[in-house]
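Beneath this line is the structure, given in structure tokens, with notes to follow.
All figures in this text were calculated on a predicted structure; none of them were measured in a lab. Indexing begins at 1, ligand by ligand and atom by atom, following the structure's order.
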Amino acid sequence: MAKKSEAAAANAVVEEVVERPVEEAKERESKKKKITSVEQLPGVGESTLAKLKDAGYDTLETIAYSMPSELEEVAGLGEGTAVKIINAARDALEMGYETGDIVLERRIQIGKVSTGSKELDALIGGGVETQAITEAFGKFGSGKTQLGFQMCVNAQLPREQGGLGGEVLFVDSENTFRPERIAQMAQAKGLDPDEVLKKIHIARSYNSDHQMLLIDRADEVVKKHNIGLVIVDSLTSAFRSDYVGRATLADRQQKLNKHLHALQRLADMYNLAVYVTNQVMDRPDILFGDPTTPIGGNVLAHQSTYRLYLRRSKEDRRIAKLVDSPNLPDGECVFRVTPAGLADVE
Ligand code: ADP
Ligand code: MG
């Protein structure tokens, strides 16, 4: 018994002696040469690399944005190693402090997509912003998808006409993408529906993992097609059905958190707008006030920059309420969903 552990200890020493100079050399190397991929990170050997890639951590960004506990779990790393790998990825991406003028410089680049309603645009500070996540939550039929469709058209317009002059990426998890409806909206604006539809890149997602993968792998299509707007409709429904019951809630929230980080990264890196939709669930425990509450909990509340609560009103009217904005007052407005698209009440 004692022999065995002695042998193991000796082995560990040998391994350390052999591995340490390799590690140190890698670290020295990394300081000289800029790290541009996961395999160049100190602490990432072949088997760790394979495990990280399998779990979708295949870019410096996904690693830089992750928590040590995530890497510990997916790659069987010790906490120290996980921290080291994450920090190296953050260094490589220069994710340290920056000065206020640089942040301002980046904010000057922010574009805004018009929703089609001046009232709604005003409520959210001029339109749906790039470099941010805008979430609409509400019951079935409240207009979440219609708003997404309208932005598919509007995002393609030049900046001076309330667009971003970019194309659109649409992740459809509920099979509610309707090109005919978008064509109708495009036509109403005097645009060629075929041209508009050619600039919308749709992926149907089949479960929450697939949905995450589509976003994790979006960089290529984003760059190739000059994507200005990313839509995930619905963001939460697959997570809701894939993780049922209390026991899996923590798991679900962790995955959703990672997914939102990936979306925010796209928004920041490519100066694009992200629009996501979310359902509400009935809260029978709330007796007074509004008994519905958005799903996704705190994770979503913290990570979406703008949250809109949509409700049906009479006829084609919808009420939008802005909640928890970092820089705008909470408020409400009314808009309409017409055959021509979103519009103001005359
Ligand atoms: P959800 O919030 O569930 O995504 P939608 O955005 O799909 O809801 O809203 C559906 C509603 O939009 C319909 O009930 C209808 O009121 C309106 N709508 C859909 N298509 C049209 C159209 N072509 N013309 C006018 N209103 C429409
Ligand atoms: Mg919908």
| message | Count I, L, V, M, F, W, Y as connected when their side-chain heavy atoms are under 4.5 Å apart, and connections chain through other members. Are V221 and Y270 then in the same cluster? | response | yes
| request: With atom 15 (C) of ligand 1 as the reference point, say which of E180, Q146, R318 has the nearest heavy atom. | output: R318
| query | Is a side-chain N or O of K144 found less than 3.5 angstrom from the main chain of G138, in a donor-acceptor match? | reply | yes
| Enumerated ligand 1 atoms positioned under 4.0 Å from heavy atoms of K139 | 2 (O)
| said: Side chain, backbone, both or neither: which applies to E315 and ligand 1 if a contact is any heavy-atom pair less than 4.0 Å apart? | reply: neither
| field | G143 touching ligand 1 at heavy-atom level, < 4.0 angstrom | value | yes
| message | I need the atoms of ligand 1 closer than 4.0 Å to a non-hydrogen atom of F140, numbered in the order shown. | response | 3 (O)
| said: Would you say that more than 12 heavy atoms from the other residues, nucleotides or ligands in this model lie under 6.0 Å from the CD of E46, or not? | reply: no
| query | Just wondering, are more than 12 heavy atoms of other shown residues or ligands nearer than 6.0 Å to CD in E220? | reply | no
| said: How far is atom 13 (C) of ligand 1 from the closest protein heavy atom, and which atom is that? | reply: R312 NH2, 3.8 Å
| Pair D101 + R106: basic N to acidic O under 4.0 Å | no
| Of all the atoms in ligand 1, which lie at a distance below 4.0 Å from a heavy atom belonging to T338? | 24 (N), 25 (C)
| field | Electrostatic pair K53-D58, nearest N-O below 4.0 angstrom | value | no
| query | atom 4 (O) of ligand 1: which protein heavy atom is closest, and how many Å away? | reply | T145 OG1, 2.8 Å
| Do any nitrogen or oxygen atoms of G141 come within less than 3.5 Å of a nitrogen or oxygen of ligand 1? | yes
| field | ligand 1 atoms in contact with Q184 (distance to a heavy atom under 4.0 Å) | value | 23 (N)
| Which residue supplies the protein heavy atom nearest to atom 20 (N) of ligand 1, what is that atom called, and how far is it? | R181 NE, 3.4 Å
| task | Give a yes or no answer on whether the side chain of K321 reaches the backbone of D330 with a donor-acceptor pair at less than 3.5 Å. | result | no
| said: Can you tell me if, anywhere in S234, an N/O/S atom lies at a distance from the Mg ion (ligand 2) that is smaller than 2.8 Å? | reply: no
| note | For atom 17 (C) of ligand 1, the closest protein heavy atom turns out to be V337 CG1, 3.8 Å
| field | Smallest separation among heavy atoms of R204 and H210, with atom names | value | O-CE1, 3.3 Å
